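I have placed the structure first, in the form of structure tokens, so that the comments after it can refer back to it.
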Amino acid sequence: MQSVVEKKLKRETGQTRHDLGREAFVDEVWKWKQQHGDRIKQQTTRIGASLNWAEEYFTMDPQHSQVVRDAFIRLYDDGLVYRTTKMVDKLPTEGQLMLKVPGSKSRSRQRMTKMIMPVPSGSAYLRSRFLGLMVRWFKMLRLLGSPARQKVITLLTDSGAYMGKRDAEQSVISRCSRSGDVIEPMLMPQWYVRCSELAQRANNLVQEKAIELIPDRQRAVWNSWMSGIDDWCVSRQLWWGHRIPVYRVSWDGGEIGDMWVAAESEQQAQLKAVGKLGSEDKALAANLQCTIIQDEDVLDTWFSSGLLPLTAFNQPSVLAPARDMNATNQPSLSSVLETGQDILFFWVARMAMLCTYFAKVPPFSTVLLHPMVRDAQGRKMSKSLGNIIDPMDIINGAELSQLQKTLQNGHMTEQELDKGMRELKKLYPNGFQSFGADALRFTLLVYTQQTQQINMSLDTIRASYHFCNKLWNTFRFIHMHAANLGLDAGQACIADIDQNQMSVFDRALLSRLHAMLETYHQAMSTYRLAVAAETVREFVQRDLCDRYIEACKPALYGNCNVTNQDPHVAVKVLLGALDIVLRSLHPFMPFLSEELWQQHARKDASDELSIMEREWSSAESKAIAHDSRSEEENDASILVFGAVSGIRSLKQQHPTRLQAGTGSAARLTIVVTVPERAADAGGRGAGVDRATAERVREIATKHEACIALMSKELAIRICTASDSDSSAANSGTAVVVVTPYMRIVGQLVDNDGQQPQSAKSVAAVAKLETELAKVRKVVGSGGYRRSAPEAVKEADR
């Protein structure tokens, strides 16, 4: 946030934060937060997150700020926080000058300082440190010309520090991923948290399953981070954030050494510092002027974020000094944390370390980690690449001009903006259509089956959008027929249907519905949300729409004899299945499921009841419970729909070459195959095959009229053949295998009525035609004619 405001300030006023001063600059950041801080909340609300907004708070709110200060002071007093000077990576800030770095295409910011300084002589460490700094600057002086370099060499030689020269080895220049600035390693005094004890306790929690990581493979990543952890630098040279509550207390005269203490205020800092003095120094300090200065740095944002559970679950009392207290009797402060796997260490591990230290229990019992969202090409989203996808643009839709305007307001350099605009136009030339929140939510959930990253593609979002449309059209179809039959959708229930009135297709759908719910509940209970979502989608698309509704259409449109269905029973089954589908989809598609369910079950209701409050009834579960009869009929329906699909596939593959026929002269034959498999030593095997084949033949014969009507192929024939007979297709035969026991066979003729070609020759000709079309497309392109060598052109000709 500070970086954004600094760029904004520089662009609008030409000032830096140092021109304003700390207090005025922090006020500017607060203004920006008040103006734009609700952006994330708006996105979260728009995407349908069901949260307790009454408990919303900001990490800089007084309550959390107090927890942060108390936690740091407690860690300091317990000896877990210390100050030392170490090498750190630092970005240049003041006095910047744009210089060309050798081997780099871009110009980089480097801090220019005075080059003339005395060589330290008393310490080998300081001498080597000074020499290291001189070597770094000497490399930069290559940019300034020979006179400047020679002057530095002369100064080093006169001081006795010059040790000769050598060619520098080629090295990789480290840059900041955000600003592109060269990172400068330098020695700086910083505040550190000792992590070995904290990390060991947190690591044991995961290895002992007190904290469960999902997916489980992240345990190895966790162990790698925690077992080799370094002390945590919590100092940040910023102005916006939780200022570190440490003070340097000093007394005039220099007889009493300076002292750092952690305290709430200057007054407390002075009291703590005096309390640490000996009796003689206390008497001396009483007569001396005391100076108290707070550290300028702020705390690492992950430090305050790591304490979030203590604030969110109202546990500030655990910050009391008594370390052996039992803060809570709960096994953990919360149940489930859902976050990105890319911040497993930066946030999750810090919460585990800090909250377990203070509260004596884990902050959560389960951590559900989702992959990192990237673009369709697997690249990290960034403004400079122009590939950022704003969820609000996906939900509401956005034209290219709107996307470009958003990019222009992103406080980018001219070079970054130019590159981003080009990429944006290349990736999304037509902008985004309005997909809605449900399609975006469903897509992200399904994507979580990927292991390491989500390659966000508009095509996948569009597929989810089409599924939403299919669900809406299914709802309209079912309610239209319910109205035609005078049925009240809100009162229809599967439990009220007489099982004896159900057809084979009715019971088959309930069998598939039962299987879907079993998989759904198991997946939800184990946090496999992608599996649960895909299970419901597969049931809707395949079992409900492609199979059952197609089987119901003859009865719904007056031809009940074909499928032996009662239209009233069929519609009741449809209404009951739709109700269960909407409730199952609600966690994934809250807006569409709520809207349809209110029209479905609550159309004339006077009270307000959400779909999320609808309970699963025992009678409903019993009505769709699994039994052997429904399973057998489910198998029968699968065979019927398999035959229909096979016939449609054959007709699609050969739209003009299937031999015509009607009645006894059928052009398509359903061949029930008896596999010629030898029986085992006990005589088993062959008998099982024959029995299964006979069962398939009975099902096909019983539902022959239904198959013919649904496939729109009135001339079909059913026969039985051995495996060898049915596989010996002649050159004029097309075959589609439905199951090992069923094949669809059709006779082929040429369009001119001549002897048909063999299937192999037809396939070979089709392959050659495809390849020829590709070659013609390449040869016809302008680039080919301009750039291709003559030898290549001749070979192609």
Side-chain angles (χ1 to χ4, degrees), residues 1-40 58-62 65 88-101 104 106-115 137 140 143-144 174-186 188-191 234-248 293-301 304 382-384 386 388 404-421:
M1 190 180 296
Q2 173 170 323
S3 175
V4 173
V5 176
E6 283 193 78
K7 291 180 179 179
K8 178 176 178 293
L9 188 67
K10 186 68 175 178
R11 185 184 63 184
E12 295 178 354
T13 67
Q15 292 180 306
T16 68
R17 59 185 170 113
H18 298 279
D19 296 330
L20 287 184
R22 182 164 192 152
E23 185 175 347
F25 177 77
V26 170
D27 289 340
E28 289 295 320
V29 180
W30 273 111
K31 291 177 183 177
W32 188 94
K33 188 267 175 188
Q34 292 168 357
Q35 184 178 358
H36 302 282
D38 286 341
R39 178 67 173 170
I40 295 178
F58 179 49
T59 53
M60 295 286 288
D61 285 347
S65 297
V88 296
D89 290 337
K90 185 84 167 52
L91 290 179
T93 52
E94 297 87 14
Q96 297 175 348
L97 179 66
M98 298 299 292
L99 294 175
K100 184 73 172 65
V101 177
S104 175
S106 62
R107 304 179 75 83
S108 301
R109 296 180 180 91
Q110 290 292 337
R111 183 184 293 104
M112 300 301 295
T113 63
K114 292 182 179 180
M115 298 300 300
W137 286 116
M140 179 160 285
L143 306 170
L144 304 180
S174 299
R175 294 178 179 273
C176 174
S177 60
R178 292 187 177 181
S179 66
D181 294 339
V182 173
I183 296 175
E184 300 178 1
M186 61 178 59
M188 291 187 65
Q190 307 273 336
W191 290 98
V234 293
S235 295
R236 296 294 180 268
Q237 287 71 53
L238 301 173
W239 286 357
W240 170 257
H242 297 277
R243 192 167 177 179
I244 301 178
V246 287
Y247 298 82
R248 186 178 65 185
I293 301 176
Q294 185 176 2
D295 195 299
E296 291 286 333
D297 292 349
V298 299
L299 286 165
D300 179 10
T301 185
S304 58
S382 69
K383 292 180 180 178
S384 60
I388 288 182
Q404 292 173 333
K405 183 177 179 181
T406 301
L407 198 63
Q408 290 170 343
N409 295 331
H411 307 293
M412 303 167 63
T413 65
E414 292 185 6
Q415 183 179 3
E416 291 173 336
L417 180 60
D418 181 63
K419 181 180 178 181
M421 295 286 275

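Note that the structure is a prediction, hence the values are computed from the model and not measured. For this chain, numbers begin at 1 and follow the sequence in order.
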Pair Gln2, Glu6 - check side-chain contact (heavy atoms from CB on, under 4.5 Å), show working.
CA-CA 6 Å; Gln2 173 170 323; Glu6 283 193 78; 3.3 Å; yes

NZ/NE/NH1/NH2 to OD/OE distance under 4.0 Å, Glu28 and Arg17
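No.
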
Measure the spacing between NE2 of His242 and OG1 of Thr301 and express it to the nearest 0.5 Å.
7.5 Å

So CD of Gln15 and CZ of Phe25: to nearest 0.5 Å the spacing works out to 11.5 Å

For [X] versus [Y], what's the shortest heavy-atom pair and its separation?
{"X": "Val298", "Y": "Ile244", "result": "C-CG1, 3.7 Å"}
{"X": "Leu238", "Y": "Arg22", "result": "O-NH2, 3.8 Å"}
{"X": "Asp295", "Y": "Arg243", "result": "O-NE, 2.9 Å"}
{"X": "Trp191", "Y": "Ser235", "result": "N-OG, 2.8 Å"}

Test item: Glu296 side-chain N/O and Gln237 main-chain N/O as donor-acceptor pair under 3.5 Å
no

